[in-house]
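Notes for the one structure printed next.
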Amino acid sequence: MRATKAIIHLDYLKQNIAEIKRFVKPGVKMCIAVKADAYGHGAVECAKTAVASGADFLAIATVDEGRELRDAGIKTPLLMLSLCAPEEIADAVSLDITPFVFDEEYIRLFAEEVQRQNKAPYSVHLAVDTGMGRIGCEPKNAAVIAQKIADTGVLVQGGTATHFAVSDVDSKEGRDFTELQFKTFTDAITLIRNAGLNPGLCHCCNSAATIDHPEMQLDMVRPGIIVYGYYAEEISKAYLEKKGTPLTLRPVMTLVSTVSAIRRFEAEKSVGYGRTWKAEKETDIGVLTIGYGDGWVRRFALNGVPVAVNGKSYPIRGRICMDQCMIDLGLDNKNVHRWDAAVLFGDSAEGALQTADDIAQKTGTISYEITSCITRRVPREFKE
């Protein structure tokens with residue numbers, strides 16, 4: 001095991017899913033997102049835990065992500081939220097991946113491959129663009145596209161979906177837009193039904209909407225970041241407590257490194273590339289075995305992100321390197337010793353003094369990016 005690792009608490013993952021289920025209406029299915037290596041947490045182990053916790057579908061973004069899960073023996077339906085290239089469609093079908101479709105060409109390509117592999121009937125989900133602007137048919141054309149799916153004779157419409165753009169925003173404008181998206185989506189579903197077609201499982205709720213808009217849950221919800229212990233932007237812990245619907249989540253990942261060396265620096269001595277930091281007075285510098293090659297990126301040093309060692313916080317000094325970074329320990333620090341663990345973010349039970357969300361707020365991003373960017377070079381240590 002490398003000196004830098006990500007500890008993944010599968011028990012916390014189970015607890016988070018159980019908490020989320022309290023918000024989900026009886027009979028509503030759950031599609032848990034494990035795309036992007038389960039937001040950096042390890043797709044296979046997290047997927048197995050999600051399925052054991054009652055997930056009906058698993059959400060992926062690429063065919064290769066689906067292959068990894070199938071190779072691990074996971075048979076749960078896989079819903080692919082992004083599009084694939086034509087040359088990937090054969091593998092998508094052979095792996096029984098359920099795609100989003102929304103135009104005639106993509107429908108035709110999947111139908112032809114399903115016929116080649118003799119896998120009819122094959123389920124697809126119709127994507128409707130109600131305001132996200134990525135993929136999906138125009139809502140007014142939903143019935144027309146649904147008919148094209150039916151006309152293939154080999155594809156069946158297993159579901160109809162849309163995606164909310166601002167359901168994680170606590171403002172009148174944001175709420176109004178989410179409500180408009182929901183109405184537009186349900187109107188499109190009505191068009192499909194009025195054409196005598198079955199829309200299948202209807203779903204639109206991401207993490208924020210699942211918790212904050214139970215009236216929009218329809219047939220299935222698609223929680224993502226909340227599964228891994230982080231709140232969806234402005235639908236925060238404080239917001240939910242104030243609303244009277246508290247949700248207790250625990251960060252599933254704790255990122256840990258090691259103080260590999262402690263070095264004495266005289267005043268004016270610099271550290272790191274570009275000599276961007278010089279010691280104002282004599283001090284000790286700790287060297288950690290983590291850098292931007294692990295996902296501990298350079299901007300963290302610029303935005304005052306600290307590191308915890310034995311319950312105390314220490315600032316990063318100089319530029320973060322590809323494989324290492326340096327922290328200021330002060331002179332003759334009795335709290336820190338060589339080979340001590342340095343906790344970068346995660347759960348307080350592991351000694352963390354900050355979460356991925358704390359770092360995100362300091363650096364102008366979101367917790368999703370912080371955890372997803374922890375590279376595969378960092379070994380994952382799974383704890384039940």
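Nothing here was measured: the structure is a model prediction, and the numbers come from that model.
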Subject >> Backbone of E138 reached by a side-chain donor or acceptor of D129 within 3.5 Å >> reply: no
**OP:** Keeping the roles fixed (side chain from E88, backbone from A85), state whether a donor-acceptor pair exists under 3.5 Å.
**Re:** yes
Subject >> Evaluation steps, side chain to side chain donor-acceptor pair (under 3.5 Å), between T355 and D358 >> reply: CA-CA 5 Å; T355 66; D358 294 325; 3.3 Å; yes
Original post:
Which of parallel (below 30°), tilted (30 to 60°) and perpendicular (above 60°) describes Y12 and H9?
Top reply: parallel
Original post:
Any side-chain heavy-atom pair from Y122 and P99 closer than 4.5 angstrom?
Top reply: yes
**OP:** Look at atom NZ of K183 and say whether more than 12 heavy atoms of other residues, nucleotides or ligands are closer to it than 6.0 Å.
**Re:** no
Original post:
Taking atom CD of Q117 as the centre, does the number of heavy atoms from other residues, nucleotides or ligands within less than 6.0 Å exceed 12?
Top reply: yes
Subject >> K269 to F265 six-membered ring, cation-pi geometry met (6.0 Å, 45°) >> reply: yes
Subject >> Pair T363, N303: side-chain N/O donor-acceptor within cut-off below 3.5 Å >> reply: no
Subject >> Donor-acceptor under 3.5 Å (T152 side chain, I149 main chain) >> reply: yes
Subject >> Taking every non-hydrogen atom, the tightest pair across I359 and L344 >> reply: CD1-O, 4.0 Å
Subject >> 4.5 Å side-chain heavy-atom contact, R263 and V271 >> reply: no
Subject >> Residues, nucleotides or ligands: over 12 heavy atoms within 6.0 Å of R376 CZ >> reply: no
Original post:
Got a salt bridge between R70 and D96, using NZ or NE/NH1/NH2 to carboxylate O under 4.0 Å?
Top reply: no
Subject >> Spacing of C202 atom SG and F185 atom CZ [to the nearest 0.5 Å] >> reply: 5.5 Å
Original post:
Rounded to the nearest 0.5 Å, what separation is found between the NZ atom of K5 and the CG atom of L255?
Top reply: 11.0 Å
Original post:
Do R67 and D64 sit within salt-bridge range, that is, some charged N less than 4.0 Å from a carboxylate O?
Top reply: yes
Original post:
What are the two closest heavy atoms between C204 and L218, and how far apart are they?
Top reply: SG-CD1, 4.0 Å
Original post:
Should we count CD of E173 as having more than 12 external heavy atoms under 6.0 Å?
Top reply: no
Original post:
At their closest point, which heavy atom of L353 faces which heavy atom of G311, and how far apart are they?
Top reply: CD1-O, 3.7 Å
Subject >> Exam field: side chain T375 to backbone G293, donor-acceptor pair closer than 3.5 Å >> reply: yes
**OP:** For the pair R317 (side chain) and G286 (backbone), establish whether a donor and an acceptor sit closer than 3.5 Å, ignoring hydrogens and angles.
**Re:** no
Original post:
Atom NE2 of H41 and atom OG1 of T371: how far apart are they, to the nearest 0.5 Å?
Top reply: 5.0 Å
**OP:** Considering non-hydrogen atoms only, spot the tightest contact between D340 and H337 and give its length.
**Re:** OD2-N, 2.7 Å
Original post:
Under 4.5 Å between any side-chain heavy atoms of V307 and F300, yes or no?
Top reply: no
Subject >> Spatial distance of atom CD1 (I8) from atom OH (Y228) [nearest 0.5 Å] >> reply: 10.0 Å
Original post:
Does NZ in K25 sit with more than 12 non-hydrogen atoms of other residues, nucleotides or ligands closer than 6.0 Å?
Top reply: yes
**OP:** Specify the closest pair of heavy atoms between L79 and C31, including all atoms of both residues, with the distance to one decimal.
**Re:** CD2-SG, 4.3 Å
**OP:** Tell me, yes or no, whether the heavy-atom count around K140 atom NZ, taken from other residues, nucleotides or ligands under 6.0 Å, exceeds 12.
**Re:** no
Original post:
Checking salt bridge (charged side-chain N to carboxylate O under 4.0 Å, His left out) for the pair D212/R175: CA distance, chi angles, key distance, verdict?
Top reply: CA-CA 10 Å; D212 200 33; R175 290 184 170 279; 2.7 Å; yes
**OP:** Kindly say whether D332 contributes a backbone atom to a donor-acceptor pair with the side chain of D284 at under 3.5 angstrom?
**Re:** yes
Original post:
Hey, are D357 and K237 close enough for a salt bridge, meaning a charged N less than 4.0 Å from a carboxylate O?
Top reply: no
Original post:
With a 4.5 Å heavy-atom cut-off, do W339 and T258 have their side chains touching?
Top reply: yes
**OP:** For A165 and Q181, work out which heavy atoms get closest and say how close.
**Re:** N-OE1, 3.0 Å
Subject >> Test item: Q354 side-chain N/O and P306 main-chain N/O as donor-acceptor pair under 3.5 Å >> reply: yes
Original post:
Can you check whether F23's main-chain N or O pairs, donor with acceptor, with Q217's side chain at less than 3.5 Å?
Top reply: yes
Original post:
Do E45 side-chain atoms and L10 backbone N/O form a donor-acceptor pair below 3.5 Å?
Top reply: no
**OP:** Using the side chain to side chain contact (heavy atoms under 4.5 Å, CB included) rule, take L81 and F100 through it: C-alpha gap first, then chi angles, then the decisive distance, then the call.
**Re:** CA-CA 6 Å; L81 305 182; F100 275 168; 3.8 Å; yes
Original post:
Between S53 and I17, is there a donor-acceptor pair closer than 3.5 Å when you use the side chain of the first and the backbone of the second?
Top reply: no
Original post:
Knowing that exactly one of I89, V154, D91 qualifies, which makes a side-chain contact (heavy atoms from CB on, under 4.5 Å) with E113?
Top reply: I89
Original post:
Looking at OG1 of T98 and CZ of F110, how far apart are the two atoms once the value is rounded to the nearest 0.5 Å?
Top reply: 9.5 Å
Original post:
With the threshold set at 4.0 Å, does a side-chain nitrogen-carboxylate oxygen contact exist between K14 and E384?
Top reply: yes
**OP:** Identify whether the distance between the nearest side-chain nitrogen and carboxylate oxygen of R250 and D11 falls below 4.0 Å.
**Re:** no
Original post:
If you draw a 6.0 Å radius around CZ in R299, do more than 12 non-hydrogen atoms from other residues or ligands fall strictly inside?
Top reply: yes
